[in-house]
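Please read the structure below before turning to the comments.
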Amino acid sequence: MSIKTVLVWDWDNTLVDTYEVIYRSLNDLSRYYKKPEVTPEETLRIIGNSGRKYLFQQYGLNMDEASDFYWKCYLKNAHYVKPIKGAESLLKWTKEQDFISVVDSNKRGDVLRKECRDLKWTSYFNSMVGSEDTSYEKPSKEMAMSILEKLEYDRLIVIGDGLSDMQLAKNLNATSIFVRDIPPAVDEFKNVRIDFDCKDLKQVKEVLQQLK
C-alpha cells in the first residue's frame with residue numbers, strides 16, 4: 001500500500017528568493033516613517049517569521065497602517081522575487097512522485113498566491129495558506145490545519161529554512177527538513193528537532209527519495 005505524504009513547504013527563501021524585495025521594502029517603510037534603516041542581518045532574522053510582528057515591535061506603529069504601507073512597497077519591489085535554484089524542477093519531480101504539496105507561509109496570503117501565479121507554479125500545489133487567511137500565524141498548528149484538514153494523508157513532512165518551520169513540524173508531529181546553505185547555529189533551534197539538515201534543494205530531493 002502506498003503512503004500518502006503531504007509536503008508542507010515554506011515559501012520565502014525555501015522555494016523563492018525574496019531577500020532583496022523584503023530588504024528594499026522594509027527600508028522603504030523605514031524612510032517613510034523616518035526610522036533607522038533595517039540592516040541585512042535584521043532582514044535575515046525577519047524572513048521566515050512574522051513581518052507584521054516586526055513592524056509593531058520595532059517601530060511601535062499602528063500595525064494595520066504600517067502593514068498596509070509595507071505591502072504597497074513590497075508589491076512595488078516584487079520584480080526582485082526569483083526562484084531558488086532547482087526549485088521548479090524539484091516541485092515538478094514531487095508532483096510526478098505523487099507527493100501532495102501545500103504551502104504554509106507568514107507572507108500575506110493574496111501576495112503569496114500572486115507570486116505563485118506569476119511564477120506559473122500553481123499546478124504544483126494543492127493549496128496555500130498565508131497570513132491574514134486565518135487568525136493564526138506560523139508556527140501555529142491551527143494555521144496549517146486550515147488546509148491540511150481537507151486532505152487525506154498518512155505522513156507530513158515540513159520543509160523550510162527557519163525556526164518557525166521547525167516549530168511547525170514539532171507542532172504537527174511531522175518530519176522536519178531544514179534547508180539552508182548556512183548551518184544552524186548551536187543555540188538557534190532550542191527545543192525543536194531537525195530530522196534532516198540540507199544545504200540546498202538538491203539534498204532535499206535526496207532526502208525525499210529516501211523517504212518515499
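Between A144 and D104, the shortest heavy-atom distance links the atoms CB-OD2, 3.2 Å.
Under a 4.0 Å N-O distance rule, the pair D133/R108 does not qualify as a salt bridge. The pair E88-K92 fails the salt-bridge criterion, with no side-chain N (NZ, NE, NH1 or NH2) lying under 4.0 Å from an Asp/Glu carboxylate O. A salt bridge links K138 with D10; the closest basic N to acidic carboxylate O contact falls under 4.0 Å. R113 and D110 are not joined by a salt bridge, as no carboxylate oxygen comes within less than 4.0 angstrom of a charged side-chain nitrogen. Salt bridge status for R193 with D195: present, with a side-chain N to carboxylate O gap under 4.0 Å.
For residues 147-167, no pair satisfies ring pair (Phe, Tyr, Trp, His ring centres under 6.0 Å), with sequence neighbours left out.
Panel note: side chain S140, backbone Y136; no donor-acceptor pair is recorded below 3.5 Å. Looking only at distances, a side-chain donor or acceptor of D165 sits under 3.5 Å from a matching main-chain atom of D161.
Legend: residues meeting side chain to side chain donor-acceptor pair (under 3.5 Å) with T5, ordered by chain and number and at least two apart, are R155.
Checked against the 6.0 Å centroid criterion, the rings of F196 and F178 do not qualify as a close aromatic pair.
Contact check for I84 versus T14: no side-chain heavy atoms found under the 4.5 Å cut-off.
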